[in-house]
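Working notes, beginning with the structure itself.
Lettering of chains follows the sequences in order, A, B, ..., and the numbering in each one begins at 1.
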Number of protein chains: 2
Amino acid sequence: MVSIKDLAKHLDISIGTVSRALNDKPDVNKQTREKVLQAADNLGYVANQSGRSLRQGTTNAIGFLIESGADTEGNSDNFFMGVIDGLQSELSKHKLDLLVLPCSTDENPENYVKRMVARQLVDGMIISATHTIDKRIDFLSKSKLPFVALGQSETGKNHPWIDLDFEGVARVSIDRFVKNGHRRIAIALSANELNLGSIFLKSYKDSLKRHNIEFSPELVLQANSNDKGGYAIADELLNLNDRPTAILLVHELMAHGLYRRLAEDGLVVGRDLAVIGFRNSAQARMFSPSLTSFKLSLRDLGIALAASLLSTMPAYQKHYSGKMLSQIWPMEIVDGESDAEKIPKNLT
Amino acid sequence: MVSIKDLAKHLDISIGTVSRALNDKPDVNKQTREKVLQAADNLGYVANQSGRSLRQGTTNAIGFLIESGADTEGNSDNFFMGVIDGLQSELSKHKLDLLVLPCSTDENPENYVKRMVARQLVDGMIISATHTIDKRIDFLSKSKLPFVALGQSETGKNHPWIDLDFEGVARVSIDRFVKNGHRRIAIALSANELNLGSIFLKSYKDSLKRHNIEFSPELVLQANSNDKGGYAIADELLNLNDRPTAILLVHELMAHGLYRRLAEDGLVVGRDLAVIGFRNSAQARMFSPSLTSFKLSLRDLGIALAASLLSTMPAYQKHYSGKMLSQIWPMEIVDGESDAEKIPKNLT
DNA sequence: TATAGTATCGTAAACGTTTACGGAAATTAG
DNA sequence: CTAATTTCCGTAAACGTTTACGATACTATA
């Protein structure tokens, strides 16, 4: 590895000048700067990040905290890949690299964050999969590290966050169901403690109240966000005395199992049960009948997350004067056939 | 941030002793070591990675190179998440952290690798999505950084790699088709340049030859590894004069579209067309009729990758004496209904 | 007791940067 | 022509570690 010292020796100038030339500092002659850059290119010099970090306490990297594990509910590769693409697109403008930090299923998330912060390998963090009570946020708030959360939390809101508009998804869905004549509407929540569950539930209840529909606890179902979970939910639903005529799926990966279980009884989605799912992922576009869902640009979301984070970091603030720090991320509904039938039927 | 210097001052001993105590070096009294560890815990000391890296040229981290992008073909299930989980499980045994390094779609993969190597933030790398001609492998081979590739490449084999047994998948599938009476067998390849395509094709051809079946170029189809691609392939297939009675899908995400397109013509998978897919992902377990496929434990794969990498790194070799460096990763077939019908029918 | 050996610790250099400071040379002002 | 200013560059310290080396005190050996 060629160091700045090698460069200096090769050019017969001091390492200070070399450093200044490489970093576009003012106090250096134009010709010598040219020579330095030329030589750096020739010898294949590239700054050692450890040395730089040690000196100026900065790493030129941003961390994206995710939870790994093959059976991670809801958060498929797809979701993260899209967001990552957006993040990089924005971060690369500032020559910042993105490090994805996967918290193993074996490790306590709070511990993991502590370790990663202590490692000092990033200048800022984006955390995902926020829980209603999220100790990571507590810790990060106390630490000096800038961060932004994908998802709100009850733990504290004195930090930038971007949250998908789950409230809107539930509201729009229920309103649509009601408009089409449904009065008995179920909701399928995920079986983990992610904060989005409580937001969904609250919005669901509020919407029912707005339409003067009584809340029935038995219509709030909970299962894993996958095929099996959807199957279980459909099963539970079919066993109810007073069956619902519509259901909102908090994660549409459940839809597969739901379609499957209904088909077993000769029931068809859209005719016998109205379904709206969240969110319009690639996999979910191939249901038959097609699933009414909500559109979400993961790339744009990633870009917004990066912008939000950078606008809290002094070194980058100038580029993000007018940007919002925190925001609710709106999503549009995409019409499908799964809630097309206007006249509600009972599952008989 | 509390440094080793603070610790030393607090305990009124030298920083050298503190360092030795923290790192389990022999030349330190048992009691002082206790005191140091105690104090480190109390003051919340954690080693600064930059300082350490700078001094000993090691980072205690391993990089996992992936390709980001929302529309990354093929890997839209939880492929990476599963592998990551396995990697971490093995790496954590040696107190190594895993950094996932996503190469943006905007950036040249070779450039990206160079940047990441130069950054010196990992002690070793695992690269994925190897292409038939892969310049990253060229570069890494020349550099001193240990690495292992997930997937073979023609670029060079003088490095550890683990490749899924695509040859076996094709062979077993074709044999099974033939055994059930099929003679006109198609194969659906992915539309990118990943190396697995050529392996699949070769094995497909060899298997046909073994059964004295003439190779028909029109039965080799190519499309994106997703719903749309599967639809296109089914479409193309239905337009053939002499239709195949069986098809092997290199990526089963195509299956959705294929089922859909066939259903449009009233055709049923398993009866009118035998289908085998690769690989048995969570999403793919919910086809109806269920898809015959190949089982793959992503976690175990990740563990093997980590073991292979570590066994090339002097510091960790002692733990991996007898392990294989490179290997073909075997997979078992999982019976489904999609190729159940033994009597071949023509699609008429 | 003298000597060799051992256990424990402090000192200081080194890793590769960045940057405050000062000095020399060159330019401009008077 | 001198003085003031600017331009450019070298020097050296600092960031937080690890580790080779040497020093000291203690223990065992003869």
| In degrees rounded to 10°, what angle is found between the helical axes fit to the five outermost pairs at each end of the helix from C:dT1-D:dA30 to C:dG30-D:dC1? |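 Rounded to the nearest 10 degrees, the bend comes out at 50°.
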| query | Where along nucleotides 19-26 of chain D does protein come under 4.0 Å, by heavy atom, of base (B) or sugar-phosphate alone (S), with - for untouched nucleotides? | reply | BB------
| query | What about the rings of A:His10 and A:Tyr45, do their centers lie closer together than 6.0 Å? | reply |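 That pair fails the under 6.0 Å test.
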| field | Output field: ring centroids B:Phe80/A:Phe80 closer than 6.0 Å | value |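 For B:Phe80 and A:Phe80, the ring centres are not under 6.0 Å apart.
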How long is the line joining [atom1] of [X] and [atom2] of [N], in whole Å?
X: A:Arg119; N: D:dG16; atom1: CZ; atom2: P; answer: 17 Å
X: A:Asp12; N: D:dC8; atom1: CG; atom2: P; answer: 19 Å
X: B:Ile4; N: D:dA14; atom1: CD1; atom2: P; answer: 18 Å
X: B:Met1; N: D:dC15; atom1: CE; atom2: P; answer: 16 Å
X: A:Lys5; N: D:dT11; atom1: NZ; atom2: P; answer: 13 Å
X: B:Asp6; N: D:dC15; atom1: CG; atom2: C1'; answer: 13 Å
X: A:Lys30; N: D:dC9; atom1: NZ; atom2: C1'; answer: 19 Å
X: A:Asn29; N: C:dT27; atom1: CG; atom2: P; answer: 11 Å

| said: For a side-chain contact (heavy atoms from CB on, under 4.5 Å) check, start with the C-alpha distance between A:Ile62 and A:Leu87, then their side-chain angles and the critical distance, and finish with the verdict. | reply: CA-CA 9 Å; A:Ile62 298 295; A:Leu87 287 174; over 6 Å; no
| Ionic contact status for B:Arg20 with B:Asp27, cut-off 4.0 Å |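 B:Arg20 and B:Asp27: not salt-bridged.
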| query | Looking at the side chain of B:Ser14, which of D:dT18, C:dT11, C:dG16 is the nearest nucleotide? | reply |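 Selected nucleotide: C:dT11.
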| request: Carefully, step by step, assess B:Thr155 and B:Asp134 under the rule side chain to side chain donor-acceptor pair (under 3.5 Å). | output: CA-CA 6 Å; B:Thr155 304; B:Asp134 204 315; 5.9 Å; no
Contact check, side chains of [X] and [Y], non-hydrogen atoms, under 4.5 Å:
X: B:Val18; Y: B:Ile13; result: yes
X: A:Gln120; Y: B:Gln49; result: no
X: A:Met116; Y: A:Tyr112; result: yes

| Quick one: is B:Thr32 getting a side-chain N or O under 4.0 Å of the C:dC9 phosphate, OP1 or OP2? |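 Yes.
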| A:Thr130 side chain vs A:Gln152 backbone, donor-acceptor pair below 3.5 Å |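 Yes; at least one donor-acceptor contact below 3.5 Å.
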